[in-house]
Amino acid sequence: MTEEKLLDVIGLKTYFYTLAGVVQAVDGINLDIMKGETLGIVGESGSGKTVTVLSILRIIPPPGKIISGKILYKNEDLMTKKESEMLDIRGKEIAMSFQDPTTSLNPVFTIGDQIIEVIKRHQKVESKEEAVKRTIDLLKEVGISDPQSKIWHYPWEFSGGMKQRIAFARAIACRPQLLFADEPTTSLDVTIQAQILDFLRDLKKTFNMTLVLISHDMGVIYEMADRIAVLYAGRNCETADRDTIFKNPRHPYTKALMTSVPRIGTTIDELKTIPGEIPDLVYPPAGCRFHPRCQYAKPICSKEIPIYKDSGDGHFIACHRWREIE
Ligand SMILES: Nc1ncnc2c1ncn2[C@@H]1O[C@H](COP(=O)(O)OP(=O)(O)OP(=O)(O)O)[C@@H](O)[C@H]1O
Ligand code: SF4
Ligand SMILES: [Mg+2]
């Protein structure tokens, strides 16, 4: 792993302007991603993982809007790019496999057409035959049997797990430098999960790809991630290397989550030993958003937002009291 920063997200805020009020979904998130590493992102449902990635790619659907922040990719702020420039970046430089492949694949085109479109946009191909061949190879790589005939099938002809693999094949079609995989193994059986994880490892090794892995499966995160960022209610809690997060966490939320080193198949929700629910982000708690559920909360916690900062050795924490708690 090199120490070159590939992506640096600073103070990202993305809100949704709904009839029920303003959903403060991502409220000042920071993420730095080093070239070649695998960063795991964890947090309960609704913590802002997907919205963060959609913001980085600048594909937030209405009524959402990026309010502020910098998204530095190779030192250039993606927030200042024109849409035409973003079209060149998406898929080729930075790609995402979506959490819900049912909505990310277009039902009126064959899966082959959808993958070929990405290949033709970003890569030099001599002929349609060459693009077809590459697509067949990709489908084979992600474990689709009989890809020569399946390539001309429509998304609705596949099961949920198969659709997920097809969406995944499309995301990696142009060998992006940075891949966001949002729950890539959810709904797949264990054998296919293992195949996908091996495939990701190979991709990383062969193309020096940088991977951001979002998963509820703490076993997958433990197996794959070099570093882990823990989010809660649209903000950072803690970021550190994998072993520190699992064995020596400092933030009360991470401490409560990481009671044991899980095996593949253990979801974050099963690890949860914390009473209460993630807050309504239209009316989030003042100060530290975790304070209503935190056993260590003091009056300052409901008044002041804890600053997310380096506690030493690149171990970042947002908590007023982590030193006392230790
Ligand atoms: N289109 C939208 N309109 C309104 N609110 C939204 C929209 N999309 C997301 N949100 C809200 O933004 C917050 C963060 O959602 P996000 O999908 O990023 O969570 P997540 O961490 O990816 O959760 P999960 O683990 O369930 O995938 C949630 O409160 C969600 O309800
Ligand atoms: S800032 Fe306070 S409420 Fe928040 S995690 Fe730390 S101790 Fe708990
Ligand atoms: Mg999500």
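Atoms within a ligand are numbered from 1 in the order they appear, just like the ligands themselves. No experiment lies behind these values; they were computed from the predicted model shown.
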Within-cut-off N or O pair, Thr52 and ligand 1, under 3.5 Å: no
Heavy-atom nearest option to atom 2 (Fe) of ligand 2, drawn from Ala318, Cys301, Pro299: Cys301
Minimum-distance protein heavy atom relative to atom 6 (Fe) of ligand 2: Cys319 SG, 2.3 Å
Contact partition for Lys298 relative to ligand 2, non-hydrogen atoms under 4.0 Å: neither
Arg90 side-chain N/O to Leu57 backbone N/O, donor-acceptor pair under 3.5 Å: yes
Contact check: Cys288 to atom 8 (Fe) of ligand 2, N/O/S below 2.8 Å: no
Interfacing atoms of ligand 2 (cut-off 4.0 Å, heavy-atom, His251): 5 (S)
contact_flag Gly46 ligand 1 heavy-atom lt 4.0 Å: yes
Close approach of Ser47 to ligand 1, heavy atoms, under 4.0 angstrom: yes
Ligand 1 contact by Gly48, heavy-atom criterion under 4.0 angstrom: yes
Short N or O distance, Val23 and ligand 1, threshold 3.5 Å exclusive: no
Glu183 touching ligand 1 at heavy-atom level, < 4.0 angstrom: no
